[in-house]
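Following: one structure in structure tokens, then a few remarks.
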2 protein chains.
Amino acid sequence: ALELIDVSKVYPGSPPVHALDHVSLRVEHGELLAIVGPSGSGKSTMLHVMGTLDRPTEGSLHIDGIEVSRLGDRKLSAVRSQRIGFVFQQFFLLQGASALDNVANGLLYSGTSKRTRRRRAAEQLDRVGLGHRLHHLPNELSGGERQRVAVARALVNDPSIVLADEPTGNLDSRSSAAVMDLLHTLHQEGSTILVITHEHAIAESLPRQVEMIDGRLVELVGASQ
Amino acid sequence: ALELIDVSKVYPGSPPVHALDHVSLRVEHGELLAIVGPSGSGKSTMLHVMGTLDRPTEGSLHIDGIEVSRLGDRKLSAVRSQRIGFVFQQFFLLQGASALDNVANGLLYSGTSKRTRRRRAAEQLDRVGLGHRLHHLPNELSGGERQRVAVARALVNDPSIVLADEPTGNLDSRSSAAVMDLLHTLHQEGSTILVITHEHAIAESLPRQVEMIDGRLVELVGASQ
Ligand SMILES: Nc1ncnc2c1ncn2[C@@H]1O[C@H](COP(=O)(O)OP(=O)(O)OP(=O)(O)O)[C@@H](O)[C@H]1O
Ligand SMILES: Nc1ncnc2c1ncn2[C@@H]1O[C@H](COP(=O)(O)OP(=O)(O)OP(=O)(O)O)[C@@H](O)[C@H]1O
Ligand SMILES: [Mg+2]
Ligand SMILES: [Mg+2]
């Protein structure tokens, strides 16, 4: 299970910003859930804390019973690279590397040869409709193409936990469906999947939905008891 | 009128990419139209050419009868800063400047004092729901907040032509409505507005819609004859 226990995140300022306000969330293995809520409500902040990319001001994060928020950076980094695939709201692609190499980099710690990494990267890019753009650099791609490269890179290592921040924000319906198919497939293979989305249709298609409002979490639908 | 006449844009490569393929589009003063189409179909490329930010490989752009594609860079830059407000798909905010100063910079060539620029910037940010984030830097803002700063900056100088590339891509329904209200208000005041959007509801709410498919333009609804 992935669990936030009474997590708060406060940024200094006048007034201080309570980006997360006593958030508790337990996600069992293999769950698929949507995180919705207004712009600025704390969704990305919560996802970053759950993905060990940010530390809370108070409270703790547990992954399979280990209190991750107390681990040192090196152990933390091992947990993260082995298990968590993160799709960023801002993509963060390597500007000097092709789409193929950006995705192949997602396999650098998988112990496979460069040839294998590139083959798997090509398959993944094909699954999001980018088989014809493998050798383009990020600045030679459209907004939605870059987004799909970011999705492909996050998922190429079959992570057991997928944290996706607005993975279809710049996509038309067809590319959006391709991305959701990829997430559903991983889910059927046993991955735990959290998707931040502002698209109602996507949120409502998932078995569980939680909402962030002003840094606080509200369960909407589908929480197990 | 804003007019593309038989415009093509080809990027070298193997094979070459025909991002725009013999596109002709005439937009009269005061029109409000949506540009839709699949990811990678040429929407942003077309908008960049219309906004004089990119030159076509073939064909021409005319603004009020002047063949803009033949002007030198200095004249081009004058046309652009006086009349065109561009909302970028990737935001491009100044990282070291607050939301307030990013938007105030949109008024640098308007001949007003710094105090006036900052006052008008604050009003604009308030209209997109960011009155409480004026002094935050871009890296202290959420994805949707950054998007709204980019919208506010593009519109603060009351441009007569607004070219908006996915202005609501990262926004929840409430912020999305605030942005569309701002565009509708400018339209009622006489501006010409083009909006690239992948959201059906938004596209269908506008009086005219065109679609890009593989670099070619198709009129869907509402073109004047
Ligand atoms: N510098 C470049 N070199 C080669 N191809 C390019 C270059 N820039 C863009 N392209 C290609 O041109 C096509 C059109 O790009 P454009 O950004 O206009 O698409 P778009 O319709 O805005 O897509 P999206 O909805 O994903 O934002 C894309 O397929 C893209 O890969
Ligand atoms: N470094 C920071 N300093 C101060 N405030 C911050 C900082 N980073 C984020 N915030 C604020 O924290 C709040 C939550 O941000 P977060 O990115 O989690 O929102 P979000 O729900 O993902 O929004 P969106 O839907 O727009 O992406 C925002 O109001 C933002 O302005
Ligand atoms: Mg966010
Ligand atoms: Mg685009």
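Order of the sequence lines sets the chain letters (A, B, ...), proteins ahead of strands, with each chain counted from 1.
- A side chain to side chain contact (heavy atoms under 4.5 Å, CB included) with V17(B) holds for exactly one of H132(A), E140(A), H136(A); it is H136(A).
- Taken to the nearest 0.5 Å, the CG atom of N170(A) stands 10.5 Å off from the CD1 atom of I196(B).
- The shortest distance between side-chain heavy atoms of R146(B) and Q90(A) falls below 4.5 Å.
- To the nearest 0.5 Å, atom CE of residue M212(B) and atom CG of residue D172(A) are 13.5 Å apart.
- Side-chain contact between S39(A) and R148(B) is present, with at least one heavy-atom pair separated by less than 4.5 Å.
- When each of H198(B), E199(B), R174(B) is checked for heavy-atom pairs under 4.5 Å with chain A, H198(B) comes out on top.
- Each of P15(A), S175(A), G40(A), G37(A) has some count of heavy-atom pairs under 4.5 Å with chain B, and the biggest count is that of G40(A).
- Using a 4.5 Å cut-off between heavy atoms, E166(B) touches chain A through its side chain atoms alone.
- A distance of 8.5 Å separates NE2 of H135(B) from OG of S14(A), quoted to the nearest 0.5 Å.
- Only the backbone of T168(A) has a heavy atom closer than 4.5 Å to any heavy atom of chain B.
- Side-chain contact between S173(B) and H200(A): present, with at least one pair of heavy atoms (C-beta onward) separated by less than 4.5 Å.
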